Amino acid sequence: MVHQSSSPPCLSPSGNTEDIVTLLAPRLAHFAGVARTEHVTRAAQEMNVPQSTLSRALVRLETDLGVDLFVRRGRTLALTPAGRTFLGSVERALAEVERAAEEVRADADPAAGKVAFGFLHTMGAETVPGLLHAFRADHPRIRFSLVQNYGEAMLERLRTGELDLCLTSPVPDAPDLVARRLDEQKLRLVVPADHPLAGRRRIRLAEAADETFVTLEPGYGLRRITDALCKEAGFRPRVAFEGEEAETLRGLVAAGLGVALLPPPAVPRPGVVELTVTAPRAAREIGVAWLAGRTDTPPVAAFKKFLLSRRGTLVPG
């Protein structure tokens, strides 16, 4: 290769990987094009770039790597052994970039893109399937990546970009997030079917002060709500079992291991009785949250608009 008189930035052997990628990435497609045609002029025509630009890119690439990638044979170029080794990796890298570009374009497609959507375990049996069914009536090709988790875990996944939207409770109040209240869901005191309170329809939470409770683990939104309601009722709950899923807690209640404050089940469970709590007011707010400042793809924007349109009708009364 004929080297230019100007000195482009050159990496030392000790340069870090980030510097290498920054300098080399724009030149890899040029290298692959010349390697494919073995001719600078022909490659420049195929790639629709000036021949001088292509020649300079190859010179700088060899300078950055510190090795010769081509040898000239008349009017053509041939790869050196180092060039052949480099070409294999470059072609794989370019193919992966192309695959990734196609994937993100597909995800942003207004008609058939993808939404990464998180929601609480307690909303997975009935609420979310109903929402998705209604949404897809008008958007039948939009795809979903669904994540069930507790609130704090989902908010962290919003922050890392793994989720576009999430349904959570309580509604978060954080400067880096946007949240909108959608609905509220009443909580009931769930007791075993053979419990002395099972004959009641309503109860003041203070009447359960001496009961053993089964609850979700600390960090779950429903656990914080349970603790706060009990405190408002004048007692601290005596917790015997902590779990990660509401229906598991119902099973523990049915087994006579305690009582629990829970949202209504999708399907009535035998072995328990669910009492309306008259005081304090026992309910949890449910909202949708997303990362502030993030630009929505058309599918995400459509689903967000749909969720906001469901204010007050998200969960059964």
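Fair warning: this is a prediction, and the values are worked out from it, not measured in the lab.
- Counting heavy atoms from C-beta outward, V59 and L61 have side chains that stay 4.5 Å or more apart.
- Looking only at atom types and distance, the side chain of R223 has a donor-acceptor partner in the side chain of T215 under 3.5 Å away.
- No side-chain N or O of R310 forms a donor-acceptor pair with one of T127 less than 3.5 Å apart.
- The two residues L158 and C166 make their nearest non-hydrogen contact at CD1-SG, 3.7 Å.
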Mind listing the side-chain donor-acceptor pairs of residues 196-211 below 3.5 Å, one per line with the distance, residues two or more places apart or on another chain?
residue, atom, partner, partner atom, Å
R200, NE, R202, O, 3.3
R200, NH1, E207, OE1, 3.1
R200, NH2, R202, O, 3.2
R200, NH2, E207, OE1, 3.1
R200, NH2, E207, OE2, 3.1
E207, OE2, R204, N, 2.9
E211, OE1, H195, NE2, 2.9
E211, OE2, H195, NE2, 3.2

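- Looking at P263 and K186, their side chains never come closer than 4.5 Å, going by heavy atoms from C-beta outward.
- Between R236 and D227, no side-chain nitrogen of the basic residue sits less than 4.0 Å from a carboxylate oxygen of the acidic one, so the salt-bridge criterion is not met.
- No continuous path of hydrophobic side-chain contacts links L165 to V171 [ILVMFWY only; heavy atoms under 4.5 Å].
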Problem set entry | Pair K114-I142, side-chain contact (heavy atoms from CB on, under 4.5 Å): steps then yes or no | CA-CA 6 Å; K114 185 171 72 173; I142 287 182; over 6 Å; no
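- Heavy atoms of other residues, nucleotides or ligands lying less than 6.0 angstrom from CZ of R159 number more than 12.
- In this structure, the side chains of R143 and V115 stay at 4.5 Å or more apart for every pair of heavy atoms.
- Once rounded to the nearest 0.5 Å, the distance linking CZ of R42 with CE of M47 reads 14.0 Å.
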For this session: Test V214 against V259 for side-chain contact (heavy atoms from CB on, under 4.5 Å), laying out the working first.
Result: CA-CA 6 Å; V214 296; V259 302; over 6 Å; no
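- The distance from the OG1 atom of T37 to the CD atom of E46 is 6.0 Å, given to the nearest 0.5 Å.
- The two residues A29 and L94 come nearest to each other via the heavy atoms CA-CD1, 4.0 Å.
- With hydrophobic clusters built from ILVMFWY side chains whose heavy atoms lie under 4.5 angstrom apart, L65 shares a cluster with L54.
- In this structure, F303 and H139 have side chains that are not in contact, with every pair of non-hydrogen atoms separated by 4.5 Å or more.
- For the atom pair CD of E245 and CZ of R250, the computed distance is 9.5 Å after rounding to the nearest 0.5 Å.
- Residues L314 and R311 are not in side-chain contact: their nearest non-hydrogen atoms beyond the backbone lie 4.5 Å or more apart.
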For this session: Given side chain to side chain donor-acceptor pair (under 3.5 Å), test R284 with T122 step by step and report yes or no.
Result: CA-CA 12 Å; R284 64 171 180 172; T122 50; 2.7 Å; yes
Exercise. For L222 and L187, what are the C-alpha separation, side-chain angles and deciding distance, and is it a side-chain contact (heavy atoms from CB on, under 4.5 Å)?
Worked result: CA-CA 10 Å; L222 188 55; L187 302 179; 3.9 Å; yes
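- Scanning all heavy atoms of the two residues, the minimum distance from Q185 to P264 falls at CG-CD, 3.9 Å.
- Applying the side-chain contact (heavy atoms from CB on, under 4.5 Å) test between V272 and each of L252, V190, V191 identifies V190 as the sole match.
- Put simply, Y150 and L163 are part of two different groups of oily side chains (I, L, V, M, F, W, Y) that touch within less than 4.5 Å, one to the next.
- Residue-environment remark: CZ (R136) exceeds the threshold of 12 foreign heavy atoms within 6.0 Å.
- Taking 4.0 Å as the cut-off between side-chain N and carboxylate O, E184 and R181 count as a salt-bridged pair.
- At least one side-chain heavy atom of E274 sits under 4.5 Å from a side-chain heavy atom of P265.
- Note on L146: it clusters hydrophobically with L131, by side-chain heavy-atom contacts below 4.5 Å among ILVMFWY residues.
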For this session: Let me see the working for D164 and R294 under side-chain contact (heavy atoms from CB on, under 4.5 Å), right down to the final yes or no.
Result: CA-CA 9 Å; D164 298 310; R294 181 175 179 178; 3.0 Å; yes
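- You'll find the side chain of E285 stays beyond 4.5 Å of the side chain of L182, heavy atoms only.
- If you chain together hydrophobic residues whose side chains sit under 4.5 Å apart, L261 and V315 never meet in one group.
- Taking the centre of each ring, F213 and F241 stay at or above the 6.0 Å mark.
- Note that CG of L262 and CG of L189 are 9.0 Å apart. Values are rounded to the nearest 0.5 Å.
- Using a 4.5 Å cut-off on side-chain heavy atoms (C-beta onward), E247 and L249 make no contact.
- Checked against the 6.0 Å centroid criterion, the rings of F117 and F135 do not qualify as a close aromatic pair.
- Summarising the geometry, atom CZ belonging to F70 is positioned 6.0 Å from atom CG belonging to L77; distances are rounded to the nearest 0.5 Å.
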